Amino acid sequence: MTTLVFYQTILNWYHHFGRKTLPWQIKKNPYKTWISEIMLQQTQVKTVIPYYCKFIKRFPNIDTLSDSPLDSILNLWSGLGYYTRARNIYKTAKILKQKFNGIFPNSYAEIIKLPGIGKSTAGAILSFGFNLYSCILDGNIKRVLIRYYSININNKYIEKLLWKTIESITPIYHTNKFNQALIDIGALICLKSNPKCNICPLKSTCKSYLNNKLFQINCKKNKKHIIPKTKYWFLILQYKNYIFLEKRQNLGIWKKLFCFPQFIRQNDILSWIQKNNTKIKKINILNEFKHKLSHLTLYINPIWIIINKISIFSNNNKTIWYNLNNPQCIGLPTPVTKIITKIKKFNTHHE
Ligand code: SF4
């Protein structure tokens, strides 16, 4: 296939089958592209759509975003995971407001300096948001390239090699359509397992397909990762319709999100209760449950304690009494939301 035929094949496929009506593709602008690209990092389109729609409704532009507290951003991000992305969005919004008058810069050199924006995301913002020539190398495109060119995934310099490859094939005309087409071929056809080669526009020249090497190609290196496990106890302290939560200050995954006090040993809960002079009315031990993160599996043991007098007061923004009936606008990690939902249900049934 000549280069020209290759482009035409891809653009022709895009014309008929490419995705053109995703929420961030309608009335698109650099701001919407940026938010969607950050949300799409490590997250599937179908998961992102409802979060994206809510986010854009609440923060339609850089000004509204940069003028809002981080808690309200984390609130809308709750459940989407990888919260560093939300914290970086907040930092970037502040920079855009202060340094660029609330206007997204259209230079690669400026975009790449913004928190949370790497080479591929910068390329996507320029290509989709500004309609400028720029290359993208996301997970979908990588998979297509690796298979199409039958690239050795154990090559030490694979990242460099893939960038070189995409830079050599990205056309200067209709760049955004070409980029979107390759992403879509990766997402819809060249699937991680069971790629649909029979309907792929590239099959007549795809090296892996032609050489029947597809089943040998797993786009991930052959390393078996053992995911560590950790056990935690969560203290759910309830007074009437209020639950005690602490804002995580450390560098962990839930930094700046509100969580239950967390303990490594069960006995530490009792010491905490004594230290805070808390009078217990009732204790419920809830079932342990598992929460999987990309790098860690948490085994969470919630201990639900009902008290009839508040002895701990939230006099700073590091702790709050979360109102179950009228929740504050704060970020909560998924396991915390799960437990709160359970408690609400229980309270409703026992009212
Ligand atoms: S022919 Fe198959 S392996 Fe090759 S790019 Fe298409 S879907 Fe992927």
Side-chain angles (χ1 to χ4, degrees), residues 3 6-15 17-26 28-49 52 82 85 88-89 92 104-149 151 153 157-192 195 200-202 206 219-220:
T3 314
F6 178 79
Y7 298 144
Q8 275 169 352
T9 307
I10 287 183
L11 291 176
N12 191 34
W13 180 88
Y14 172 78
H15 180 68
F17 308 107
R19 293 177 291 187
K20 303 167 195 85
T21 54
L22 292 169
W24 44 90
Q25 294 173 323
I26 296 163
K28 62 183 169 187
N29 61 38
Y31 172 73
K32 287 181 174 178
T33 305
W34 165 50
I35 298 298
S36 64
E37 286 299 324
I38 300 294
M39 286 189 168
L40 287 164
Q41 288 169 357
Q42 292 143 312
T43 312
Q44 288 187 350
V45 167
K46 68 172 191 296
T47 308
V48 165
I49 289 175
Y52 171 84
Y82 300 101
R85 297 181 297 176
N88 280 335
I89 278 188
T92 294
F104 218 101
N106 66 354
S107 106
Y108 180 83
E110 294 292 358
I111 296 176
I112 197 78
K113 282 190 228 154
L114 297 167
I117 298 184
K119 236 175 139 180
S120 186
T121 304
I125 294 169
L126 286 170
S127 174
F128 301 138
F130 288 102
N131 203 8
L132 291 171
Y133 168 84
S134 200
C135 302
I136 300 175
L137 187 63
D138 74 343
N140 288 312
I141 296 184
K142 279 182 185 173
R143 190 165 56 254
V144 174
L145 296 184
I146 287 171
R147 287 173 173 167
Y148 184 78
Y149 293 104
I151 293 171
I153 50 165
Y157 304 105
I158 187 156
E159 194 67 20
K160 263 192 187 167
L161 184 63
L162 289 171
W163 271 109
K164 236 177 146 184
T165 310
I166 197 67
E167 279 158 9
S168 70
I169 63 167
T170 303
I172 48 169
Y173 299 109
H174 302 299
T175 313
N176 56 357
K177 289 181 184 165
F178 176 86
N179 284 334
Q180 188 63 53
L182 273 193
I183 292 173
D184 290 351
I185 290 172
L188 307 172
I189 294 182
C190 195
L191 307 175
K192 277 184 198 161
C200 180
L202 301 174
C206 172
C219 289
K220 286 212 168 114

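None of the values given here were measured: they were computed from a predicted structure.
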Exercise for the section: Over all heavy atoms of both residues, which pair between G118 and I112 is shortest? Give the atoms and the distance, please. Expected result: C-CD1, 3.4 Å
Handout entry: Donor-acceptor under 3.5 Å (S36 side chain, T33 main chain)
Key = yes
Practice task
Find the distance between CD1 (I136) and CD1 (I141) and round it off to the nearest 0.5 Å.
Solution key: 5.5 Å
Fill in the blank from the handout: Between L188 and F17 the two heavy atoms that sit nearest each other are CD1-O, 4.5 Å
Handout entry: Side-chain donor or acceptor of Q25 paired with backbone N/O of L22 under 3.5 Å
Key = yes
Practice task
Report the C-alpha separation of I111 and W34 in whole Å, then their side-chain angles, then the decisive distance to 0.1 Å, and conclude whether the side-chain contact (heavy atoms from CB on, under 4.5 Å) test is met.
Solution key: CA-CA 10 Å; I111 296 176; W34 165 50; over 6 Å; no
Problem - Heavy-atom donor-acceptor pair, N179 side chain to S134 backbone, under 3.5 Å - result: yes
Handout entry: Any I189 side-chain heavy atom under 4.5 Å of P201 side chain
Key = yes
Problem - Heavy-atom pair with the smallest gap, counting every atom of P30 and F104 - result: CB-CB, 3.8 Å
Practice task
Evaluate the side-chain proximity of I38 to Y52: yes if any heavy-atom separation is below 4.5 Å, no if none is.
Solution key: no
Problem - K32 side chain to P23 backbone, donor-acceptor under 3.5 Å - result: no
Problem - Heavy-atom pair with the smallest gap, counting every atom of L145 and I151 - result: O-CD1, 3.9 Å
Practice task
Give the intermediate values and the outcome of side-chain contact (heavy atoms from CB on, under 4.5 Å) for residues L126 and Y108.
Solution key: CA-CA 7 Å; L126 286 170; Y108 180 83; 3.8 Å; yes
Handout entry: Point-to-point distance, once rounded to the nearest 0.5 Å, from OG of S120 to CH2 of W163
Key = 5.0 Å
Problem - Residue pairs passing the salt bridge (Lys or Arg N to Asp or Glu O under 4.0 Å) test where at least one lies in residues 164-188, sequence neighbours excluded - result: R19-D184
Practice task
Assign the ring pair F6 / Y148 to parallel, tilted or perpendicular, where the plane angle (0 to 90°) is split at 30° and 60°.
Solution key: tilted
Problem - Working for side-chain contact (heavy atoms from CB on, under 4.5 Å), residues F128 and I183 - result: CA-CA 12 Å; F128 301 138; I183 292 173; 3.9 Å; yes
Exercise for the section: Could you tell me whether a side-chain N or O of T9 sits under 3.5 Å from a main-chain N or O of Y7, the two making a donor and an acceptor? Expected result: no
Handout entry: Test item: T121 and L40 side chains (from C-beta on) under 4.5 Å apart, heavy atoms
Key = no
Fill in the blank from the handout: Here the gap from E37 atom CD to I125 atom CD1, rounded to the nearest 0.5 Å, amounts to 7.0 Å
Completion exercise
Tightest non-hydrogen contact, residues T170 and Y133, listed as O-CE1, 3.6 Å
Exercise for the section: Could I get the full list of ring pair (Phe, Tyr, Trp, His ring centres under 6.0 Å) partners for F130, not counting sequence neighbours? Expected result: none
Exercise for the section: Keeping the roles fixed (side chain from K46, backbone from Q44), state whether a donor-acceptor pair exists under 3.5 Å. Expected result: no
Problem - Point-to-point distance, once rounded to the nearest 0.5 Å, from CG of N131 to CG of N106 - result: 12.0 Å
Practice task
Please round to the nearest 0.5 Å and tell me the distance separating atom CD1 of I153 and atom CG of L161.
Solution key: 12.5 Å
Exercise for the section: Report yes or no: does T92 contribute a side-chain atom to a donor-acceptor pair with the main-chain N or O of N88 at less than 3.5 Å? Expected result: yes
Handout entry: Pair I158-I146, side-chain contact (heavy atoms from CB on, under 4.5 Å): steps then yes or no
Key = CA-CA 9 Å; I158 187 156; I146 287 171; 4.2 Å; yes
Handout entry: For V144 against C190, the heavy-atom pair lying closest together
Key = CG2-CB, 3.9 Å
Practice task
Report yes or no: do R143 and N140 form a side-chain donor-acceptor pair below 3.5 Å?
Solution key: yes
Fill in the blank from the handout: The reported gap from CD1 in I185 to CZ in R147 (rounded to nearest 0.5 angstrom) is 13.0 Å
Handout entry: Backbone N/O of G116 and side chain of R85: donor-acceptor pair under 3.5 Å
Key = no
Practice task
Kindly indicate whether the side chain of V48, heavy atoms from C-beta on, has any atom under 4.5 Å from the side chain of V45.
Solution key: no
